[in-house]
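It should be emphasised that the depicted structure is a prediction, and the values quoted were computed from it without experimental measurement. All chains are named by letter (A, B, ...) in the order of the sequence lines, taking the proteins before the strands, and each is independently numbered beginning at 1.
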Amino acid sequence: MSQAPQAETFVFLDLEATGLPNVDPEIAEISLFAVHRSSLEHPERDEAGVPVLPRVLDKLTLCMSPTRPFTAKASEITGLSSEGLARCGKAGFDDTAAQTLRAFLGRQAGPLCLVAHNGFDYDFPLLRTELQRLGARLPAHTVCLDTLPALRGLDRAHSHATRAQGRKGYSLGSLFRRYFQAEPSAAHSAEGDVRTLLLVFLHRAAELLAWADGRARSWAHIAPMYAPPEAPSPEA
DNA sequence: TGCCAGGCCCTCTTTAGGGCCTT
């Protein structure tokens, strides 16, 4: 199917933003956990056999002041506000933030696979919009995996073979509760949701790695969520 | 002032409707 080489590092990411796509949102917080493929192929487990976060784990979390206001709902669920971010002296998603992101990704062994939940419809297009506005690029050959269609697809294939269960929730929180019989911690902070995403991935790691090897999409094929204001030039 | 997206999936579908999923 895909002729791209296997990703060497998987970068789990989550965005908190000023709203949903209908308001042309801006990123207010981004968190990324970079994990080498070997740590996903052989997940560490606790004494009960439950996957735990890999010991070798690079993290980057940045907060930034958006230029547009939060929707009431976005501010409510994230706990972020324009006033709070400005009070803490946070700059916007600017060249420095883009360079920091680029440097973080650049020190990981490539090729990279970005991983996000509902990423194809939310995180990846929004990140594309912000980077395009700055004329910034990601490392060459970066690909993207969305765990939402991946896990739905894996379960669908399995249920066809086993005539299994009915409709299930696939929100990140629902998946975590189903896999770990526990509440996710720090929901709707970017770092908390990345931690939850990584643990969900680890629960189905072998299947998701195989899915990524065959079906990950090129970052170059991710369209922006909306046209950024004053875009310098189209990005490759 | 109030409202706002959209691709995907499921089902008592397919000439459609409604819910999920992300903030």
Atom pair distance, as rounded to whole Å: [atom1] in [X] and [atom2] in [N]:
X         : N       : atom1 : atom2 : answer
Arg178(A) : dC20(B) : CZ    : C1'   : 13 Å
His117(A) : dC20(B) : NE2   : P     : 14 Å
Arg152(A) : dC21(B) : CZ    : P     : 6 Å
Leu127(A) : dT23(B) : CG    : P     : 14 Å
Asp14(A)  : dT22(B) : CG    : P     : 9 Å
Leu148(A) : dG19(B) : CG    : C1'   : 13 Å
Lys73(A)  : dC3(B)  : NZ    : P     : 15 Å
Met225(A) : dG7(B)  : CE    : P     : 12 Å

Nearest-angstrom distance, [atom1] atom, [N] to [M]:
N       : M       : atom1 : value
dT13(B) : dC8(B)  : C1'   : 15 Å
dT15(B) : dT22(B) : C1'   : 32 Å
dT23(B) : dC4(B)  : C1'   : 14 Å
dG7(B)  : dG2(B)  : P     : 29 Å
dT1(B)  : dC9(B)  : C1'   : 35 Å
dA5(B)  : dC12(B) : C1'   : 29 Å
dT11(B) : dC3(B)  : C1'   : 29 Å
dG18(B) : dT14(B) : P     : 13 Å

Is it true that [X] and [Y] have a side-chain N and a carboxylate O under 4.0 angstrom from each other?
X         : Y         : result
Arg177(A) : Glu183(A) : yes
Asp14(A)  : Arg195(A) : no
Arg87(A)  : Glu83(A)  : no

- [ ] Apply the side-chain hydrogen bond (donor to acceptor under 3.5 Å, both in side chains) test between Thr147(A) and each candidate in His117(A), Arg152(A), Arg204(A); give the one that qualifies.
- [x]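 Per the side-chain hydrogen bond (donor to acceptor under 3.5 Å, both in side chains) rule, the option paired with Thr147(A) is His117(A), out of His117(A), Arg152(A), Arg204(A).
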
For DNA chain B, find the residues of [range] with a heavy-atom distance under 4.0 Å and give them by number; none if there aren't any.
range                       : value
residues 20-30 of chain A   : Leu20(A), Pro21(A), Asn22(A)
residues 181-199 of chain A : His188(A), Asp193(A)
residues 76-83 of chain A   : Ile77(A), Thr78(A)

- [ ] Output all residues satisfying ring pair (Phe, Tyr, Trp, His ring centres under 6.0 Å) with Tyr122(A), sequence neighbours left out; order by chain, then residue number.
- [x] none

TODO: Could I get the full list of ring pair (Phe, Tyr, Trp, His ring centres under 6.0 Å) partners for His188(A), not counting sequence neighbours?
DONE: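 For His188(A), no residue satisfies ring pair (Phe, Tyr, Trp, His ring centres under 6.0 Å) once neighbours in sequence are set aside.
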
Open item on the list: Is the ring pair Phe201(A)/Phe10(A) parallel, tilted or perpendicular, if the boundaries are 30 and 60 degrees?
Closed with: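 Ring orientation, 0 to 90° scale: tilted.
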
TODO: Find out whether the Lys NZ or Arg CZ of Arg178(A) is both under 6.0 angstrom from the six-membered ring centre of Tyr170(A) and within 45° of the ring's axis.
DONE: yes

Open item on the list: Against the six-membered ring of Phe120(A), is Arg217(A) placed for a cation-pi contact (under 6.0 Å from the centre, within 45° of the normal)?
Closed with: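 Ring-cation test returns yes.
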
- [ ] May I ask you to say what Asp146(A) touches in the nucleic acid, namely base, sugar-phosphate or nothing, with a heavy-atom cut-off under 4.0 Å?
- [x] nothing

TODO: Quick one: label Leu172(A) by what it contacts on the DNA or RNA (base, sugar-phosphate, nothing), any heavy atom closer than 4.0 Å.
DONE: sugar-phosphate

TODO: Quick one: closest heavy-atom pair of Trp219(A) and Cys144(A), and the distance?
DONE: CE3-SG, 3.6 Å

For residues 16-24 of chain A, please give each side-chain donor-acceptor pair under 3.5 Å, one per line with the distance, not counting sequence neighbours.
residue	atom	partner	partner atom	Å
Thr18(A)	OG1	Glu26(A)	N	2.9

TODO: Check whether any side-chain heavy atom of Asp146(A) sits under 4.5 Å from a side-chain heavy atom of Pro149(A), and report yes or no.
DONE: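 Heavy-atom side-chain distance check passes, below 4.5 Å.
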
Open item on the list: For a 4.5 angstrom cut-off between non-hydrogen side-chain atoms, does Leu208(A) reach Val115(A)?
Closed with: no

Task: Side chain of Ser171(A) (C-beta onward), nearest among dT22(B), dG7(B), dC9(B) - done: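 Ranking dT22(B), dG7(B), dC9(B) by closest atom to the Ser171(A) side chain puts dT22(B) first.
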
